[in-house]
Amino acid sequence: MLQIQQLRDEKERIILGLEKKFVLNASEQVEKAILLDNERKEIQSNLNKFQEEVNKLSAEVGQLMKSGQKEQAEAIKLQVAGKKGEIKTLEEKTAVLEDSLFNALVVLPNVPHVSVPNGRTPEENELVESWGESKNMPEGSLPHWDLIAKYDIIDFENGNKVSGAGFPFYKGKGAKLQRALINFFLDEAEKAGYNEMQPPIVINKESGYGTGQLPDKDGQMYHIQEDGLYMIPTAEVPITNYFRDTILKETELPKKCVGYTPCFRREAGSWGAHVRGLNRLHQFDKVEIVQIAHPDQSYLILEDMRKYVQGLLEKLNLPYRVLRLCGGDMSQTSALTYDMEVYSGAQARWLEVSSVSNFETFQSNRLKLRAKSEETKKTFLLHTLNGSALALPRIVAALLENNQTPEGIRIPDVLVPYTRFEWIN
RNA sequence: GGAGAGAUGCCUGAGUGGCCGAAAGGAACAGUUUGCUAAACUGUCGUACGGGUAACUGUACCGAGGGUUCGAAUCCCUCUCUCUCCGCCA
């Protein structure tokens with residue numbers, strides 16, 4: 001959520017940014033929020049004056065009672081009682097205004113970074129770099145869903161029976177490959193200085209708001225109504241919320257965390273073409289990296305995280321490209337997002353395998369995630385960043401497709417110590 | 001799930017209606033001194049929203065939300081959470 005102070009201080013930049021994300025009536029929405037806040041301030045300072053008077057008078061009553069001047073005390077009591085109605089009214093007005101202001105702010109998306117390209121559709125994303133040869137596979141190459149069936153490593157039919165579409169069983173070498181990838185990703189992250197965490201996979205409403213999944217993506221999360229809990233769509237949510245309501249020391253920064261969790265997405269409405277096999281699931285595994293950074297360093301750290309993810313893809317020998325998402329293709333909460341896409345030769349298309357983002361203060365504002373400056377002794381909001389490192393299903397799909405041979409599927413060298421087999425055949 | 005106890009600042013913990021935004025101790029930070037793998041002393045040490053260039057100042061916050069009262073950390077109600085014992089259990 002944007003801060004009202006940002007709207008005041010950088011109105012023009014905010015409005016332009018919102019327009020880059022195609023927010024309707026951006027200028028009017030910003031103006032409306034500022035007006036609401038002006039009104040709020042006025043009423044609040046009015047209320048504070050009344051409260052000050054009441055506090056002073058009440059203190060006098062105390063003094064008078066002590067010195068036994070009962071009658072004067074009674075007179076002042078009446079005075080105070082007269083102001084109570086006014087205070088009540090002002091309090092109610094303040095509450096209503098605060099609520100309206102919140103509602104006006106919470107619907108605004110984050111403002112994109114200056115480097116974010118203009119554009120509305122995925123085609124307008126900017127190609128930043130690419131690695132490896134993205135060639136189409138030779139004649140007779142199979143897409144991963146056929147390979148899965150051929151080697152019997154993932155079972156969609158029984159997943160369908162037991163849970164529903166999008167909840168497959170991984171079997172035999174398919175299951176071991178999952179385990180290998182998770183361990184490989186966690187070990188790599190640890191080497192890069194990330195602290196491993198195993199977070200809860202259900203979260204409460206407050207956490208959903210903290211990282212911005214609520215109210216925006218309400219329908220995308222599985223909701224356990226009876227307990228008021230949501231199943232996490234990504235480990236970003238519990239790990240970032242771990243730092244909710246905290247004031248860190250500058251010397252502790254940056255905080256680097258990594259966690260593996262299953263992720264759950266309802267993906268309501270987006271079922272259809274292009275989602276065969278592993279391309280889109282309701283439950284999938286992902287290793288997520290999260291950093292809490294000083295505002296001065298967050299963009300350097302973002303580059304660092306991006307390079308880290310690219311390094312993983314290179315170790316797995318998967319050809320990829322890096323895109324800087326355009327305004328229209330970015331999420332509500334992000335200020336700058338890089339997508340990593342791996343080329344699937346057999347499907348002849350790019351598959352998004354990772355998304356690395358800087359949220360600046362958009363999440364930390366709601367999270368109340370701050371640090372205290374050593375010099376000024378003031379608190380300030382920190383920047384939050386995260387990225388998939390990596391999400392399994394599409395990595396598995398790409399590995400299967402790109403490494404298929406007549407003899408079977410070749411496991412990349414770096415994974416063999418984890419799988420303890422070299423071929424799926 | 002049953003019974004009881006509790007929730008105070010970074011931590012421990014005092015505070016049962018006005019003198020409490022809150023004692024004391026610890027931790028941390030700064031300074032002084034003695035000196036050397038530290039000690040002693042002194043000082044600083046919550047957050048948010050307003051006003052002010054600033055010093056400073058007003059208000060709110062003692063788990064959350066309501067209530068009583070001229071006045072609430074302190075009394076009442078509701079909720080949440082924690083702990084202990086019992087039950088159940090991976």
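Numbers restart at 1 for each chain; the letters A, B, ... are given by sequence-line order, proteins then strands.
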A:E303/A:R306 salt bridge by N-O under 4.0 Å criterion: yes

Value in whole Å for how far the P atom of B:C70 lies from CZ of A:F50: 18 Å

Any donor-acceptor N or O pair under 3.5 Å, side chains A:E86, A:T89: no

Between B:C10 (C1') and A:E252 (CD): distance, integer Å: 11 Å

Which atom pairs link the protein and nucleotides 72-82 of chain B when you take only N or O atoms and keep those under 3.5 Å?
none

Selection residues 68-115 of chain A - residue pairs positive for ring-ring contact (aromatic ring centres under 6.0 Å, His included), sequence neighbours left out: A:H113-A:Y299

Nucleotide B:A64, atom C1' - distance to NZ of A:K205 in whole Å: 12 Å

Of all pairs that satisfy ring-ring contact (aromatic ring centres under 6.0 Å, His included), the ones with a partner from residues 170-216 of chain A, not counting sequence neighbours: A:F184-A:Y418, A:Y194-A:Y308

Counterpart base for B:U82, defined by Watson-Crick or G-U wobble contacts under 3.5 Å: B:A5

From A:F264, A:F167, A:F156, residue fulfilling ring-ring contact (aromatic ring centres under 6.0 Å, His included) relative to A:H282: A:F167

Note: A:D37-A:R40 ion pair, threshold 4.0 Å (strictly below): yes

Pair A:E236-A:N386, side-chain donor/acceptor within less than 3.5 Å: yes

Check: A:Q213/A:Q220 side-chain N/O donor and acceptor closer than 3.5 Å: no

Which atom pairs link the protein and nucleotides 15-18 of chain B when you take only N or O atoms and keep those under 3.5 Å?
from, atom 1, to, atom 2, distance (Å)
B:G18, N2, A:S58, O, 2.7

Cationic N near anionic O, under 4.0 Å, A:E53 to A:K83: yes

Pair assignment for B:G21, Watson-Crick or G-U wobble, requiring both distances under 3.5 Å: none

Annotated protein contacts, base or backbone, on nucleotides 47-59 of chain B with a non-hydrogen cut-off under 4.0 Å, one of B, S, - each: SSSS-------BS

Nucleic acid contacts of residues 84-93 of chain A, taken as heavy-atom distances under 4.0 Å to RNA chain B: A:K84, A:K88

Pairing of A:E188 and A:K315 as salt bridge, 4.0 angstrom limit: yes

Protein-nucleotide distance (A:E250, atom CD; B:C29, atom P), rounded to Å: 15 Å

